[in-house]
Amino acid sequence: MRKWRLRRGITALALALLALPAVPGTALAEPTYPFRDPHLPVNARVDDLLGRLTLDEKISWLHQYQPAVPRLGIGLFKTGTEALHGVAWSTDIDNNGAVVKARGTVFPQPVGMASTWNTDLVRQVGSAVGDEARGYHAQNPRVWGLNLWAPVVNLLRDPRWGRNEEGYSEDPVLTGAISTAYGSGMTGGDPDHLKSAPTLKHYLAYNNEVRRDVTSSNVPPRVLNEYDRAAFEPAIAADAATGMMAAYNLVNGRPATVDPDLDTVVRGWTDQSLMHVTDAWAPNNLVNSQKYYPTQAEANAAIVKAGLSSFITDDTNAQPTVTAVKQALATGLLTEAEIDARIRDILNIRFRLGEFDPGGGRYGGITPDVINSPEHQRLARQAAGEAMVLLKNSRQALPLDPARTRKVAVLGPLADTLYSDWYGGDLPYQVTALDGIRERLGASASVDGLDGADRIALKDPATGRYVTATGTTDADPVAATGDTASLAAQFDVVDWGQDVVTLRNAANGRYLGYNWGPFVTRDEQPNGWYVQQQFKLEPQADGTVVLRYVGYETKESWFGAEKYVTVGDDGALKLGASTPDTATHFSRELLSSGIDRAVAAARVADTAVLVVGSNPFINGREAHDRSSTALSAGQEALVKAVVKANPRTVLVLQTSYPVTLNWEQEHVPAVVWTTHAGAETGHAIADVLFGDRNPSGKLTQTWYRSDRQLPPDLLEYDIISSGQTYLYSNATPLYPFGHGLSYTRFRYGELRTAAQSVAADGTVRVSVDVTNVGTRAGSEVVQLYTHQRTSRDTTPIRQLKAFQRVELAPGQTRTVTLRVPAADLAHWDVTRSRWVVESSTYDLMVGASAGDIRARAAVRVRGETIPARDLSRPTRAETFDRYAGVRLVDETKPSGTAVGATEAGQWISFAGSALRPGAHTFTAKVARAGAGAGTIQIRLGSPTGRLLGTATVPSTGDDYRYVSTGTELARAVGTHDVYLVFDSPLRLAEFTIR
């Protein structure tokens with residue numbers, strides 16, 4: 001081996017004399033090193049390059065911006081280009097980290113892409129995104145990195161989550177299938193040669209935005225394994241992703257940024273190397289908002305030990321990260337070997353991306369020509385069309401007949417407007433609903449568009465002056481200086497819900513915004529991190545209104561009390577009042593009623609198309625959740641008025657999340673839903689409305705009848721005990737999971753099973769004939785759900801296990817065969833902390849949705865019976881069956897989960913526990929930070945049942961300092977439900993009864 005190394009070294013030295021292309025910015029020639037040999041195994045190349053890096057160079061690579069190493073001919077590598085539904089944006093190290101927006105192909109929001117239930121299509125979309133990432137990288141590799149931060153795999157547990165549009169589904173099987181398809185498209189499908197390197201977001205149990213960095217998701221073991229982890233595993237196991245981004249939140253008391261899962265559980269899902277990254281500024285949160293570690297050195301050491309390779313923090317300034325890591329090394333908190341492990345992960349990805357291969361490797365020849373190519377535009381139109389869901393269609397209101405539909409009123413706030421979102425690129429062109437319908441019907445038709453907004457003027461009664469726009473730049477303040485309600489003094493009011501409105505100036509089409517003062521009309525759309533174009537017009541007792549500013553920064557603790565608009569002596573608007581009483585009271589003059597104009601247009605139209613919904617910048621976003629899923633009052637009033645004026649009204653709902661639509665479901669003939677679907681949205685809408693595309697989309701979330709069908713607390717992550725999602729909810733929804741209609745009808749035959757029983761290592765195979773009994777070709781998504789009839793544990797009411805999309809011509813029948821490995825029927829056994837396939841009869845249900853089952857069968861699975869709990873063995877407290885009030889907490893900072901009681905009367909229970917005749921001692925590992933002693937009561941049957949004994953928990957002075965405690969127990973033999981009842985705040989890690 002030594003001779004081989006010597007020979008390789010001499011060869012490399014000789015080849016170094018051959019001048020290869022110089023690295024930009026340096027006069028040094030690039031020698032040929034073994035790591036540049038594409039014929040060598042990747043691990044050998046990684047070893048070679050790692051051995052050539054100095055310790056300082058390796059440490060510097062832990063930051064997001066991995067600096068160039070000119071002496072080795074290595075350039076800058078940047079982790080993180082946003083590519084959620086198309087290449088969206090990146091940051092420029094040469095311009096202080098400024099955001100650079102992409103103007104490429106924008107596909108439907110992820111919740112829309114998933115509604116296609118078409119993994120082949122989603123894979124094509126992912127491939128197009130990977131191509132465009134390569135195209136941008138070819139333009140400027142310092143801005144457009146090939147490590148893509150997408151897809152988002154967090155489950156859509158609750159539609160009030162502010163980032164609902166970023167995820168795919170409330171179901172882990174569907175989420176796993178769609179994320180695997182998108183990721184495999186982005187990677188190119190070759191694990192050894194990556195087109196791009198997708199990173200799954202955000203591990204783990206992340207479904208709330210408000211105070212997201214300090215809230216802890218309480219996730220019991222069954223929910224953790226069956227639900228949250230289950231969504232992330234498929235893409236990693238299929239090599240369709242190259243790492244994880246850790247979430248902002250805490251999970252069971254421990255910040256996700258240092259979740260040991262990332263270096264243990266997640267790496268166990270694949271044989272490939274994974275490069276995990278932090279979320280933006282999350283390393284600093286460990287010291288600041290979370291106060292989990294006292295110093296950044298300790299925090300950074302913990303991040304490295306948890307398996308993360310890239311610190312996304314301090315923007316372009318790597319020095320704080322480097323300094324903290326060096327301090328950790330100097331004090332023994334980290335070793336160079338631990339840093340090497342993380343750099344290996346980085347290098348593995350960089351090699352597979354072809355960075356060190358001639359010409360950039362397999363995908364190095366992709367040019368910017370692919371960006372927004374005609375092929376990708378066609379794909380975007382197809383994806384937008386397949387993503388649309390026909391929610392209702394009574395009396396065959398749809399499709400519209402273009403020959404009979406010659407006069408159309410396209411109405412509503414989204415009729416002639418397209419929105420992108422926080423993780424979408426700028427649209428290079430726009431086809432709105434109005435554009436698409438006009439194009440479809442041609443010049444001979446009459447197609448008019450109105451947004452249905454009230455046009456108002458605001459006058460200061462004290463001066464008689466009108467609030468007036470003076471221009472469209474930061475130097476053009478809006479002021480109450482107008483003598484008349486001129487066009488510059490007129491504003492169109494759009495209601496986005498919860499009384500939040502935008503005010504668009506009639507003269508310049510720009511939105512009134514705060515802009516940190518003075519108020520201006522500068523922006524073409526609401527935008528910016530704080531969305532400073534949001535207001536409330538609050539009616540006062542004297543008939544006037546006050547203007548309340550509700551930009552997102554007003555919810556920050558540092559924002560002052562003055563949120564109401566006042567008029568200065570010079571007429572300029574400013575935030576000068578903390579209460580309505582001291583604010584300027586404006587006269588609100590209604591110049592034109594939006595509803596009246598819309599009604600007038602609808603009355604004379606053959607058909608009215610109403611396009612209403614959400615604004616992605618206002619109706620929830622990062623750091624802000626929704627308080628309601630209701631359609632805004634103003635938009636609902638518009639719908640009711642138009643439907644009354646013209647019963648031939650079609651409702652197109654464009655939102656990023658499920659919306660409450662009870663009145664609309666009852667009264668509107670046809671309802672179609674789409675997400676914000678990119679530049680081709682209008683074409684897709686027209687394609688569906690006029691029948692050029694038969695809708696085939698299916699909902700990936702339950703649509704509820706009201707907010708009351710959701711848990712009161714968005715932070716309730718235990719879907720089993722709280723009965724959330726279609727899996728456990730008994731509520732009757734507005735539209736069930738998987739719902740979506742077609743312009744044709746599908747008949748299901750009898751469900752056939754290949755066998756009446758299978759072993760736990762076998763496969764359940766079912767077949768059903770599906771026939772198109774209508775007159776149009778169409779696609780149906782055949783969905784297979786299962787239900788376990790008997791179990792030790794609470795199991796889902798129904799659970800998606802497989803699906804297949806089939807295309808059928810009129811009259812055509814196809815046999816759909818679905819296969820489910822019996823292992824996929826397993827659930828997490830808390831008594832033994834492992835997966836179990838129980839012996840039981842399993843109902844097999846196929847249909848068009850979770851609420852529209854067309855055929856049933858059953859199969860007996862020969863699995864195992866979960867034995868009685870053996871509490872004589874060390875039993876982890878977190879493996880309880882039921883609980884009340886307690887929280888799951890971090891046992892130690894590096895690892896482990898304990899049960900934390902917060903007040904008296906809280907309890908956990910362990911069902912079906914076999915107590916042996918000699919069992920008379922309770923022993924527990926406990927901690928108590930507070931002064932004085934606490935107690936744990938051991939009871940049978942209920943929290944107030946027979947008392948066997950009481951263990952004293954001494955003060956340990958620290959939540960992480962555990963001691964052993966115990967007590968003698970009264971005699972109890974047989975199988976019982978054992979309850980542990982706490983009298984005060986304390987922590988319990990594990991216990992035994994012997």
Among D435, D401, D692, which residue meets the salt bridge (charged side-chain N to carboxylate O under 4.0 Å, His left out) test with R440?
->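 Among D435, D401, D692, the one that satisfies the salt bridge (charged side-chain N to carboxylate O under 4.0 Å, His left out) with R440 is D692.
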I would like to know whether T700 and K698 meet side-chain contact (heavy atoms from CB on, under 4.5 Å); could you show each step before the answer?
-> CA-CA 6 Å; T700 68; K698 300 281 187 175; over 6 Å; no
Quick one: list whatever passes side chain to side chain contact (heavy atoms under 4.5 Å, CB included) with [X], sequence neighbours left out.
{"X": "D454", "value": "I456, R588, L590, S593"}
{"X": "A731", "value": "Q709, S729"}
{"X": "N694", "value": "S742, Y743, T744, R776"}
{"X": "A469", "value": "N505, N508, T521"}

Would you check if E386 and Q382 make a side-chain contact, meaning some heavy-atom pair closer than 4.5 Å?
->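 They are in contact (side-chain heavy atoms under 4.5 Å apart), so the answer is yes.
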Modelled atom types, side-chain donor and acceptor of [X] and [Y], under 3.5 Å:
{"X": "S696", "Y": "R805", "answer": "yes"}
{"X": "Y182", "Y": "Q124", "answer": "no"}
{"X": "Y748", "Y": "E780", "answer": "yes"}
{"X": "S706", "Y": "T660", "answer": "no"}
{"X": "Y735", "Y": "Q665", "answer": "yes"}
{"X": "Q109", "Y": "D421", "answer": "yes"}

Can you name the salt bridge (charged side-chain N to carboxylate O under 4.0 Å, His left out) partners of [X], sequence neighbours left out?
{"X": "E524", "answer": "R510"}
{"X": "E750", "answer": "none"}
{"X": "D448", "answer": "none"}
{"X": "E209", "answer": "R212"}

Has [X] got a side-chain atom pairing as donor or acceptor with [Y]'s backbone, closer than 3.5 angstrom?
{"X": "T175", "Y": "D171", "result": "yes"}
{"X": "N646", "Y": "R603", "result": "no"}
{"X": "T674", "Y": "M388", "result": "no"}
{"X": "D606", "Y": "R406", "result": "yes"}

Please give me the minimum heavy-atom distance between [X] and [Y], naming the atom from each residue.
{"X": "N372", "Y": "P428", "result": "ND2-CG, 3.5 Å"}
{"X": "I685", "Y": "A433", "result": "CD1-CB, 3.9 Å"}
{"X": "Q533", "Y": "D523", "result": "NE2-OD2, 3.0 Å"}

Going by the side-chain contact (heavy atoms from CB on, under 4.5 Å) test, name the single residue among L610, N393, L398 that passes it with V650.
->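 The side-chain contact (heavy atoms from CB on, under 4.5 Å) with V650 is passed solely by L398 among L610, N393, L398.
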With [X], which residues qualify under ring pair (Phe, Tyr, Trp, His ring centres under 6.0 Å), at least two apart?
{"X": "F737", "answer": "W117, Y726"}
{"X": "Y549", "answer": "Y514, F535"}
{"X": "W161", "answer": "Y206"}

NZ/NE/NH1/NH2 to OD/OE distance under 4.0 Å, [X] and [Y]:
{"X": "R157", "Y": "E170", "result": "no"}
{"X": "R381", "Y": "D687", "result": "yes"}
{"X": "D625", "Y": "R163", "result": "no"}

Pairs meeting criterion ring pair (Phe, Tyr, Trp, His ring centres under 6.0 Å) with involvement of residues 670-690, two or more places apart |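 Qualifying pairs: W673-W703.
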Should we say atom CD of E807 is surrounded by more than 12 heavy atoms from elsewhere, each under 6.0 Å from it?
->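 Not more than 12 within 6.0 Å, no.
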Could you tell me whether R626 sits above the aromatic face of Y657, with NZ or CZ closer than 6.0 angstrom to the six-membered ring centre and within 45 degrees of the axis?
-> yes
is_close_aromatic(H85, Y423), centroid dist under 6.0 Å =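 Aromatic pair excluded; centres sit 6.0 Å or further apart.
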